[in-house]
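Worksheet: one structure, shown below.
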Amino acid sequence: QATRQSGAADPAGEQGGDAHRDTLHRMRIRMSNDPTTTTEQPTAPLVAAVVSASDAAFVERCLRAIGAQVYGVHRVVVVGGDDEVRRVAGEFEAAWQPTLREAIAAIGPEHTFVWALREQAVPEPQALRLLVQDAMRTDASVAGSKILAPGDTSELVSVGYATDAFGAPYSGLQPGEVDQSQYDVIRDVGAVSGVSVLIRRDLYLGLGGIDRSMAPTAAAIDFCQRAR
């Protein structure tokens, strides 16, 4: 597993209605076009985003950020949540599935990667491009983002974990440690945060995805250990 410190940060402020409609329009274009139109690579791998959801407000922010990615997502699937979550997914022309099993079945073999996201994730526009670029360059099956605190993008939350014999995580970060690009390198780690993680599709399907019934950090560590 590799962690590329590209960031999945909470942006400062909320976008207005015009910005929302503009982002929705861009998202529709990117989801309907071949990603070679949004990347420099002639054979860019296709990526399907899977968003684990329960709260419609979080989901809307996450989908808006996915639509703003420089590297276009080919397909978006929202998993779980109530009717309001399903309505928001429909507004962004994202598929909705009630369970992870059904979401996995909706990811076709044309996709090379699955970008698994928690609904609280607000990835920066370059996040997916850097994840794909570094996963391809290092032949990593799992690649994670640097995670910054919501509302304060200067504070580091996760840069990957080491784990002991019992699976207990250790981040190496000091409380309130400020992001000064000190971790902006590709590193091999024991586990990555489940907030934003790129996974090869065959591995994702083979392991049944990231367990939604577990606490987020525990689920990410569990998946990474099974991947290893």
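FYI, the numbering just counts along the sequence from 1. Worth knowing before you read on, the calculation uses all heavy atoms, side chains too, and leaves out hydrogens, waters and symmetry mates. The structure presented is a predicted model; accordingly, all values stated were derived computationally and were not measured.
- By the rule that hydrophobic residues join a cluster once side-chain heavy atoms approach within less than 4.5 Å of another member, V50 and F58 end up as members of separate clusters.
- The side chain to side chain donor-acceptor pair (under 3.5 Å) check on R87 picks up E84, E91, with sequence neighbours excluded.
- A salt bridge links D188 and R228; the closest N-O separation between the charged side-chain nitrogens and carboxylate oxygens is under 4.0 Å.
- For R187 (side chain) and V159 (main-chain N/O), a donor-acceptor pair under 3.5 Å exists by modelled atom type.
- One hydrophobic cluster holds both V73 and L117 under the rule that ILVMFWY side chains link at heavy-atom gaps under 4.5 Å.
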Run the numbers on V178 and L156 for side chain to side chain contact (heavy atoms under 4.5 Å, CB included), then give the verdict.
CA-CA 6 Å; V178 175; L156 290 163; over 6 Å; no
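- A salt bridge is defined here as a Lys NZ or Arg NE, NH1 or NH2 lying under 4.0 Å from an Asp or Glu carboxylate O, and D83 with R86 fails to meet this definition.
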Give the C-alpha distance, both sets of side-chain angles, the deciding distance and a yes or no for side chain to side chain contact (heavy atoms under 4.5 Å, CB included) between R75 and I107.
CA-CA 8 Å; R75 180 172 174 77; I107 302 171; 5.6 Å; no
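- Looking at residues two or more places apart in sequence or on another chain, you find a side chain to side chain contact (heavy atoms under 4.5 Å, CB included) between D164 and F166, A168.
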Could you please spell out the steps behind the side chain to side chain contact (heavy atoms under 4.5 Å, CB included) verdict for L131 and D134?
CA-CA 5 Å; L131 285 170; D134 292 334; over 6 Å; no
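- Applying the side chain to side chain contact (heavy atoms under 4.5 Å, CB included) rule to I221 yields the partners T163, P169, A191, T217, Q225; only residues at least two apart in sequence or on another chain are considered.
- Between the Q182 side chain and the Q180 main chain, a donor and an acceptor come within less than 3.5 Å of each other.
- R129 meets the side chain to side chain donor-acceptor pair (under 3.5 Å) test with Q126, Q133; sequence neighbours excluded.
- The hydrophobic clustering, which links ILVMFWY residues whose side-chain heavy atoms are closer than 4.5 Å, places L100 and V77 together.
- Using modelled atom types and a 3.5 Å distance limit, the side chains of S193 and S158 yield no donor-acceptor pair.
- Under the 4.5 Å side-chain heavy-atom criterion for Ile, Leu, Val, Met, Phe, Trp and Tyr, L203 and V79 are members of the same hydrophobic cluster.
- The closest side-chain donor-acceptor pair between S141 and R200, if any, does not fall under 3.5 angstrom.
- A distance-only check finds no donor-acceptor pair linking the side chain of E93 to the backbone of A89 [under 3.5 Å].
- Counting only N and O atoms by type, the side chains of E119 and S54 include a donor and acceptor under 3.5 Å apart.
- Taking the ring axis of F92 as reference, the NZ or CZ atom of R64 does not stay both within 45° of it and closer than 6.0 Å to the ring centre.
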Determine, step by step, whether L128 and V70 satisfy the side chain to side chain contact (heavy atoms under 4.5 Å, CB included) criterion, reporting the C-alpha distance in whole Å, the side-chain angles of both residues, the deciding distance to 0.1 Å, and the verdict.
CA-CA 8 Å; L128 181 57; V70 172; over 6 Å; no
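- Q69 and E124 form no side-chain donor-acceptor contact under 3.5 Å, judged by distance and modelled atom types alone.
- Between the R226 side chain and the L207 main chain, a donor and an acceptor come within less than 3.5 Å of each other.
- Residue L173 is grouped with residue L148 when hydrophobic side chains (ILVMFWY) are merged at heavy-atom distances under 4.5 angstrom, including chains of intermediate members.
- A side-chain hydrogen bond (donor to acceptor under 3.5 Å, both in side chains) check over residues 102-112, counting only residues at least two apart or in different chains, returns the pairs H74-H111, T99-E102.
- Of the possible donor and acceptor atoms, none in the side chain of R212 sits under 3.5 Å from a partner among the backbone N and O of A219.
- The side chain to side chain donor-acceptor pair (under 3.5 Å) test applied to W96 returns no partner, not counting sequence neighbours.
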